[in-house]
Structure formats: C-alpha cells, structure tokens
Amino acid sequence: MIKVRDIKSNINLWSILSLIFIILIVLPNLNIFINIFNESNQNWNHIKEYLLKDYIINSLTLIMFTGLFTIFIGTSLSWLISVYDFPFRNFFKWGLILPLAIPPYIGAYTYNGLLNYTGVIQSFLRNFYNIQVNQKYFNVMSIKGAIFIFTIFLFPYVYIITKSYLEKQSSSLIENARVLGRNSMETFVYVVLPISRGAIIGGVSLVILEVLNDYGVVKYFGIPTFSTAIFKTWFSMGDIDSAVKLASILMFLVFIILILEKFLRGRKKYSYTTSKITPISRKRLKGFKGKLAFSFCFLIFSIGFLIPTLQLIHWSLLTYKDILNIRFVKLIVNSLSIALISSVLIIIIAIVIANYCRLKNNFLSKIYSKTTLVGYSIPGAVISIGVILFFINIDNRLYWVYKMINKNSAKLVLSTSIIMLIFAYIMRFLAIGYNSIESGFEKVGNKFFEASRTLGMGITETFIKVDFKMIKPAILSGFILVFVDILKELPLTLILRPFNFNTLSTKAFEYASDEMIQEASIASLIIIIISVISIYFFYKAGNKEEV
Amino acid sequence: MFLKIEGLKFRYKNAKEETIKDFSIDINKGETISIFGESGSGKSTILRLLAGLEIPSSGLIKIDNDMIVNDKNFVLPEQRDVGMFFQDYALFPHMTVAKNIKFGLKYMNKKQKNHRLQEVLDLVNLTGLKSRYPYELSGGQQQRVALARALAPKPSILLLDEPFSNLDTDLQTKIRKELKKILNKTKITSIFVTHDREDSKSIADRVIVLNQGKIIDKGKPKDIFKS
Ligand SMILES: Nc1ncnc2c1ncn2[C@@H]1O[C@H](COP(=O)(O)OP(=O)(O)OP(=O)(O)O)[C@@H](O)[C@H]1O
Ligand SMILES: [Mg+2]
C-alpha cells in the first residue's frame with residue numbers, strides 16, 4: 001500500500017533529478033531495441049549471408065586470444081611483483097601500469113610505423129647489415145597484429161586488479177603451500193590462480209569490453225569486426241536498419257560476456273578480506289633468477305611503453321616544425337575543453353545519482369546504480385547509434401520550435417551540434433565517475449549526513465556543507481579518470497563530432513589513416529603524457545591509502 | 001502531554017522480524033526518560049524514528065500536539081526541532097569545535113551565534129578548546145562537544161544514544177553527574193538510551209525496559225531496579 005506520506009517524503013530535488021538523468025540514459029538504448037524488429041532489407045540479407053560470419057569470427061578471435069594473452073602476462077607479472085623482490089621491482093610495480101597510458105589505436109600505428117618497410121627496424125637492418133627481411137613477419141596490420149596490440153596495451157587491467165588482490169591476501173596462504181613442499185611454479189598454478197580467479201576474470205572482462213569497444217585499431221588494420229561493420233553500414237551505405245541490427249547482435253555478445261563474468265567469478269568479490277592480515281613477505285630473487293624476473297618485466301615494459309614512446313618522441317622531433325601552429329593549438333583547446341565540460345557534467349550527474357542511491361538504498365536505487373554502470377560495457381559504436389537516433393528524433397519533434405526562433409532554421413540542430421557528443425560521453429563514462437563517487441560516499445558513511453539533518457539542515461544544504469567537503473578526494477579522482485578517458489576516446493568522437501570539429505585523438509587518427517604516421521606523433525604524445533601524469537597521481541594516491 | 005508515541009511499528013529493509021513492535025509512551029515536558037535494554041533490542045532505532053531518520057510502518061508521534069509522523073504526515077528531520085547525540089558522536093571531522101557547535105544555529109546572526117557558542121561551551125566545560133579539530137580531542141572531550149552541539153539549537157527534545165559508552169569508568173561517573181546537572185539546568189525534555197542500569201538509576205525520572213523491540217517494563221528507576 002502506497003501512503004501519501006511516503007510519496008511526500010520521497011520527492012525532493014535529488015530524486016527528481018536522478019529520475020530525469022536515468023531516463024535520459026535509458027532512452028537512447030531503447031532506440032536500439034525498438035529497431036531490432038524492423039523488417040530486414042536486402043542489404044541485411046546480404047550482410048547476413050556473406051559478412052556476418054566474418055564479423056563474428058573476427059570479433060571472437062580478437063577477444064579470445066587477447067583475453068588469454070592478457071591473463072598470462074597480467075597474472076604472471078602481478079605474481080612476480082607481489083611475492084618477489086628483484087632489481088627495480090619498485091619501479092616496475094607502477095611502470096607496468098603505464099602501457100595503459102597509450103590508447104591501442106596510437107599503439108597500432110606506432111608499431112606499424114616502427115616495423116614497416118621504411119620504419120626504424122627494417123631501415124637499420126638494411127643499411128647496416130644489408131638484410132632484407134621477409135615482410136610477412138613484420139606486418140602488424142593483421143588480426144595477429146591486432147591481438148598483439150590489444151594484449152600489450154590492455155594487459156595492465158588484469159595486472160592491476162590481480163596485483164591488488166594478491167597484496168590483500170594473507171601470507172599464510174602462500175607460505176602454507178611452500179611448507180607443503182610446492183615450488184613456486186606449483187604454488188602459482190595450484191594456489192594463486194584458483195584463488196585469484198575472481199580478480200583475473202574481473203580484469204580480463206574489462207580487457208574484452210575494451211576490445212569490443214575499439215574502432216581505431218581494427219579500422220586502421222582493416223579487420224572487419226562489429227565496430228567497423230556498424231560504421232560502414234551506417235555511414236557508407238546509409239542503412240540505418242542494418243546498422244541497428246548489427247548493434248543489437250553486438251549488444252547481445254556483450255550481454256553474454258557480462259553474464260559469463262558473473263558466473264565465472266562466482267560469489268566472491270575480489271576484495272573480501274578487509275580485516276588486518278600479515279602481508280606477504282616477499283622473497284628475494286638472487287643471481288640468475290633475479291635477472292630473469294627483471295628481464296621479463298623490462299621486456300614487457302619496453303614493448304608496452306618505452307619503445308612506442310621513444311618512437312613517438314623521435315617522430316615529434318622530426319615533425320614539430322610543421323605541426324605546431326595555431327591550428328594545433330586550437331586542437332588542444334578543443335580537446336581539453338570538451339573533456340573538461342563533459343567531465344564536470346559527469347561528476348555532477350554521478351553525485352546526484354550516487355547521493356540519491358545511498359540515501360534511499362531500495363530496489364529503485366539499485367536499478368539506478370546498475371543503469372549508471374551499464375554504459376561502460378556498451379561499445380562506442382552501439383552508443384553512437386542510439387544517441388544519433390535519439391537526437392534526430394528530438395530534432396524532428398522540436399522542428400517547430402526551431403522555426404519559431406529562426407524561420408530558416410535547419411531541420412537538424414541538436415544532432416549536428418557538439419551537445420550530441422557530450423551526451424554520448426556522459427552515457428559511456430558516467431560509470432567511471434559514479435564508481436569513484438559511490439566509493440567516496442561509502443567511505444564517509446551516512447552518520448555525518450544524519451547528524452547534519454538533526455541539526456536542521458536539509459539534504460541539499462547538508463550536501464554542500466558536509467558531504468561535498470568529505471568526498472572531495474573521490475570527486476577529484478573521479479574527475480581525473482573521466483577526463484583522461486575522454487581525452488583518449490576515439491570511436492564516439494569520430495562518429496558524433498560536428499562537421500570540422502577535431503580533437504587530439506581524431507586528428508592523430510586521421511593523420512595515421514592518411515599515411516602520415518609521423519605527423520600523428522605530437523597529438524599522441526600529448527595524450528600519453530596527460531595519461532601518464534594521471535596514472536602517476538593514482539599510484540601516489542593509492543600508495544597513501546595503503547599506509 | 002508533551003511527547004506522545006502511539007503504536008509505533010518498524011522494520012528494517014532486510015530484517016525478517018519487526019525491529020520495533022507496538023511501542024507507545026507519553027512523556028511530560030522536562031522529563032528525563034531512559035530506554036534500557038540489551039544490545040540489539042532496538043533502542044537506537046527508537047531514537048532514529050523520533051529524529052525522523054527512519055519512517056515507521058505504522059503508529060504516530062506527536063510533539064507538543066503537532067503531528068510529526070503518522071500515515072499521512074511526515075515532518076523532515078531538519079524541521080522537527082529534535083536534537084540528537086549519536087552513539088559515535090558523528091562530529092564533523094573537517095570543522096573545528098566552534099564550527100561544529102555553530103552548525104545547527106543557522107537562523108542566528110553572527111553575534112548571537114558566538115554568544116550561544118560561549119554559553120554551551122561553558123555549560124559543558126570546554127571553553128579553551130573551540131578552535132581544535134575533533135581528532136585533536138580526547139574521547140571525553142569529543143563526547144562533550146557532541147553534547148554541546150546537540151544542545152546549541154535549543155531543541156525541544158534531546159535524544160542521547162549511549163552517552164556514556166566508549167569512556168573509562170572514572171570518566172563515566174564524572175560525566176554522568178555532569179550530564180544530570182546539565183539536563184536539570186536546561187530543563188530540557190530528554191530521552192537517553194543505555195544498557196547500563198547505573199546510568200538509568202542515577203539520571204532518569206522514568207525508565208522503559210526494552211526487549212526485542214517490545215516494552216517489557218516501565219516505571220520509576222527505584223521500582224524497576226529493585227533487585
Ligand atoms: N540498518 C539496519 N538494517 C537492518 N537491520 C538493522 C539496521 N540497524 C539495526 N538493525 C537491527 O535492528 C535491531 C535493533 O538495532 P538497534 O541498533 O536499534 O539496537 P540497540 O538496542 O541500539 O543496540 P546497541 O545497544 O548494540 O546499540 C538489531 O537486531 C540490529 O541488528
Ligand atoms: Mg544502539
């Protein structure tokens with residue numbers, strides 16, 4: 001039975017705004033589902049008959065092998081770092097996160113430029129040793145190359161999550177295994193892998209979602225996958241219905257992955273030990289073993305960060321005279337300002353919804369928080385389609401208003417503006433901001449809020465005077481994470497940007513696609529530097545918390 | 001009757017049983033009531049219901065003849081004029097003692113605020129500490145700040161959740177005496193929660209014994225704690 005009183009006590013600024021935000025997030029996604037059942041046209045029949053199989057096979061191949069390799073590299077590194085001591089361990093501990101600073105599409109064309117006929121390596125072999133290599137082994141522009149790129153730049157997801165899980169484990173676990181006469185390798189296989197299953201799966205599913213979201217790498221390498229297919233059917237063929245159908249199949253795939261993740265991870269969350277435990281005492285690796293551990297870490301660090309960065313720096317030195325001009329400054333301003341505006345909006349929306357959810361903690365609020373989180377699993381291509389349909393729909397409905405304001409108004413106003421792109425960023429990255437803010441609220445708890453209410457302050461006043469001040473660190477870290485992600489973002493920006501609007505990432509990608517790899521380097525380096533700074537910031541902040 | 005509670009029922013969202021079962025009581029102006037019971041009997045929950053931090057599933061609460069909550073009405077916590085002293089103090093860590101205490105004085109001007117601050121600081125014997133932060137205070141001092149903060153806006157009812165827990169025995173006796181003095185001085189209507197019979201005996205005008213959300217006994221402390 002619903003009581004008038006309960007309705008009254010539930011209606012306030014926060015609940016109304018939350019509801020509006022949630023509806024705005026859900027509506028574009030509904031567009032996808034509503035259009036699935038549109039009648040299939042000839043083009044769709046063609047796609048289904050000749051192309052769909054390739055899309056599925058390619059996408060599955062990419063996620064399967066990337067998944068396997070990132071598990072291998074990510075877990076072995078996290079194991080090395082958390083239980084052994086060897087030269088430069090402290091550096092690698094955070095240095096191995098750095099490949100994450102390089103977006104895979106930048107990595108892709110950097111490695112192509114590095115390895116192709118005119119690249120450093122082949123030129124070097126040719127000029128100094130007169131060796132002509134078989135091009136077959138140096139061609140990264142293939143599905144194998146894409147797997148290599150994804151693996152080397154995305155493995156840190158597995159590494160970070162598994163490492164922080166292992167660090168929270170009690171030393172007794174591993175020491176027990178040692179006492180039972182297991183050697184390190186056996187301990188790893190029979191003890192560590194099974195217990196950190198949840199963490200590994202959590203990490204690898206992030207990797208897989210990133211691979212499915214990717215457009216830059218597969219497009220650049222010319223691999224037909226769902227992302228590229230959706231773009232092509234929509235923009236080259238103008239076939240909205242088929243694009244939506246492809247998008248919904250891709251969503252279905254994502255859905256299966258999310259269910260698999262839940263299922264495989266089991267009940268255990270990956271941070272279930274909260275009480276004080278004796279941390280693992282690290283074993284010193286001496287001599288050859290120490291060198292081996294160092295070499296492995298250094299190899300991965302070099303391939304994933306050092307080499308591509310050095311290459312980009314080299315190209316920057318070659319091209320900066322032509323690139324650095326007023327147009328480039330405008331590019332930077334574009335990038336930073338759109339990232340700034342979107343991040344601020346995301347943080348505000350995240351705060352509103354998170355505050356509402358923690359105060360209400362009921363069925364509805366659980367749905368809200370799930371809805372907020374779901375955006376991050378939806379690939380960019382799918383979000384784009386939902387958002388475009390949504391905005392064209394709004395434009396159609398508002399045409400009469402536009403005409404009232406300006407008699408000669410174009411029909412499409414919002415859907416050709418930057419607002420559409422910002423809207424899509426919000427859908428995709430809200431989850432990241434929300435996660436931060438939510439954990440900030442969790443840390444603070446409700447008691448200060450309640451104390452403030454009994455001292456005569458309303459919800460909003462309490463937020464301004466108490467909660468906001470206390471969750472500031474969470475707000476800051478959420479903001480930085482979102483900001484950097486938007487700066488790196490490619491697929492949404494490529495599709496949804498207004499005509500002639502470029503950001504660092506789209507410009508870099510355009511240069512690379514136009515065979516001007518060297519010219520792409522400065523824009524890429526700026527993105528990487530900002531990402532590195534934010535990773536460093538989090539490494540520092542993370543360390544402080546551990547103490 | 002100053003405070004009237006009738007047939008109050010309440011259940012936490014994931015609890016199987018009702019946490020509060022049919023709780024009724026009338027309290028006169030200026031009375032000091034003690035709710036006594038074991039851990040988990042629902043003492044804090046009663047206070048939360050009174051403060052408006054939880055909504056009862058049925059029953060009513062009236063303060064000074066104003067309906068605070070029933071099936072149709074719900075007065076928000078900030079509009080209830082009820083002061084609350086929290087079991088773990090809940091002092092705002094980012095504010096000084098003075099800021100904490102002045103927090104609830106939003107309708108006063110600066111001069112009035114400072115005046116009131118001085119008044120309550122004197123009352124709880126904390127005059128020298130107003131520019132410290134909560135983490136710079138001892139447990140007993142924090143506890144007094146929390147009391148001062150709750151008293152500062154002159155609420156019509158003061159709710160105290162285990163005001164003597166977390167303190168060592170000597171301090172407990174001392175503060176008990178002080179609190180009794182303060183409650184007498186301010187003539188405030190108050191309800192305090194405790195699981196220590198000494199507390200109830202020495203401060204309360206009347207005691208309510210709570211067990212599993214039900215009142216199992218009530219009366220003068222000397223009658224309740226005969227044995
Ligand atoms: N937020 C909550 N959600 C679900 N159950 C709760 C919640 N808070 C308290 N409870 C349960 O309600 C019952 C009464 O709790 P309450 O805090 O009122 O007890 P109490 O008498 O104050 O105990 P104590 O002396 O330990 O403070 C307990 O069984 C408790 O487990
Ligand atoms: Mg209690």
Side-chain angles (χ1 to χ4, degrees), chain A residues 1-16 355-369 440-476 545 547, chain B residues 12-14 44 47-48 50-58 60 67-95 99-108 134 145-146 148-155 157-159 161:
Chain A
M1 193 178 64
I2 295 169
K3 291 175 183 156
V4 188
R5 171 200 75 183
D6 296 341
I7 296 172
K8 262 197 265 174
S9 67
N10 270 317
I11 291 185
N12 55 51
L13 184 69
W14 299 78
S15 63
I16 295 169
N355 196 29
Y356 171 79
C357 287
R358 75 158 177 153
L359 297 178
K360 270 285 146 342
N361 197 12
N362 56 17
F363 183 64
L364 190 65
S365 70
K366 289 215 176 77
I367 294 181
Y368 279 18
S369 87
F441 274 131
E442 243 163 48
K443 232 179 248 167
V444 173
N446 281 6
K447 65 179 181 184
F448 302 109
F449 170 86
E450 290 176 345
S452 165
R453 294 294 298 276
T454 63
L455 289 165
M457 299 293 175
I459 302 179
T460 308
E461 276 171 303
T462 299
F463 176 77
I464 295 167
K465 290 189 170 148
V466 178
D467 295 319
F468 177 75
K469 301 254 162 69
M470 301 185 77
I471 62 166
K472 253 192 208 158
I475 292 179
L476 183 67
E545 266 165 40
V547 172
Chain B
Y12 282 107
K13 242 162 241 142
N14 17 16
S44 298
L47 297 194
R48 293 177 61 78
L50 279 167
L53 301 173
E54 308 288 352
I55 305 177
S57 51
S58 63
L60 63 83
M67 187 61 77
I68 297 296
V69 64
N70 65 2
D71 275 0
K72 292 193 191 66
N73 301 293
F74 179 74
V75 178
L76 295 170
E78 61 267 29
Q79 293 159 356
R80 285 195 180 191
D81 197 17
V82 168
M84 178 122 167
F85 172 101
F86 288 82
Q87 204 161 359
D88 48 9
Y89 315 146
L91 295 174
F92 304 122
H94 60 292
M95 296 182 196
K99 282 253 173 65
N100 260 288
I101 294 175
K102 285 197 262 182
F103 189 86
L105 309 176
K106 66 171 175 177
Y107 297 114
M108 295 185 181
V145 176
R149 186 178 71 176
L151 283 169
K154 298 191 181 165
I157 297 174
L158 179 65
L159 309 174
D161 199 347

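Below, all heavy atoms of this structure are taken into account, side chains as well, without hydrogens, waters or symmetry copies. Naming: A, B, ... by sequence-line order, numbering from 1 per chain.
- Contacts of N70(B) with chain A are made by backbone atoms alone, with heavy-atom separations under 4.5 Å and no side-chain atom involved.
- When all heavy atoms are compared, the tightest approach of P93(B) to F448(A) is CD-CE2, 3.6 Å.
- Proximity of a side-chain donor or acceptor of K469(A) to a complementary backbone N or O of H94(B) within less than 3.5 Å is not detected.
- Proximity of R453(A) to L76(B): side-chain heavy atoms (C-beta onward) are separated by under 4.5 Å at one or more points.
- Contact record, F86(B) with A451(A): CE1-CA, 3.4 Å, taken as the closest heavy-atom pair.
- Of the listed residues (M457(A), E461(A), M470(A)), the one with the most heavy-atom contacts under 4.5 Å to chain B is M457(A).
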- So L455(A) and K106(B), side-chain contact (heavy atoms from CB on, under 4.5 Å) or not? Walk me through it. CA-CA 9 Å; L455(A) 289 165; K106(B) 66 171 175 177; over 6 Å; no

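- The part of K13(B) that comes within reach of chain A is its side chain, from C-beta onward, which places non-hydrogen atoms under 4.5 angstrom from that chain.
- For F92(B), the parts lying under 4.5 angstrom from a heavy atom of chain A are both the backbone and the side chain.
- Rounding to the nearest 0.5 Å gives a distance of 9.0 Å between CG of L91(B) and NZ of K447(A).
- Neither the backbone nor the side chain of L105(B) comes within contact range of chain A; no heavy atoms are under 4.5 Å apart.
- Comparing T454(A), N446(A), I459(A) by heavy-atom pairs within less than 4.5 Å of chain B, the highest count is held by T454(A).
- Scanning all heavy atoms of the two residues, the minimum distance from G456(A) to E78(B) falls at C-CB, 3.4 Å.
- Within 6.0 Å of NZ in K360(A) there are more than 12 heavy atoms belonging to other residues, nucleotides or ligands.
- When heavy atoms are compared at a cutoff of 4.5 Å, R48(B) approaches chain A solely by way of its side chain, counted from C-beta outward.
- Here CG of N10(A) is found 6.5 Å from CD1 of I55(B). Values are rounded to the nearest 0.5 Å.
- Within the 4.5 angstrom heavy-atom criterion, only side-chain atoms of V69(B), from C-beta onward, approach chain A.
- Contact tally against chain A (heavy-atom pairs below 4.5 Å) for G104(B), G52(B), A152(B), A90(B): the top residue is A90(B).
- With chain A as the partner, the residue from M95(B), R80(B), K72(B) showing the most heavy-atom pairs under 4.5 Å is K72(B).
- Residue contact with chain B, scored on non-hydrogen atoms closer than 4.5 Å, involves the backbone and the side chain of S452(A) alike.
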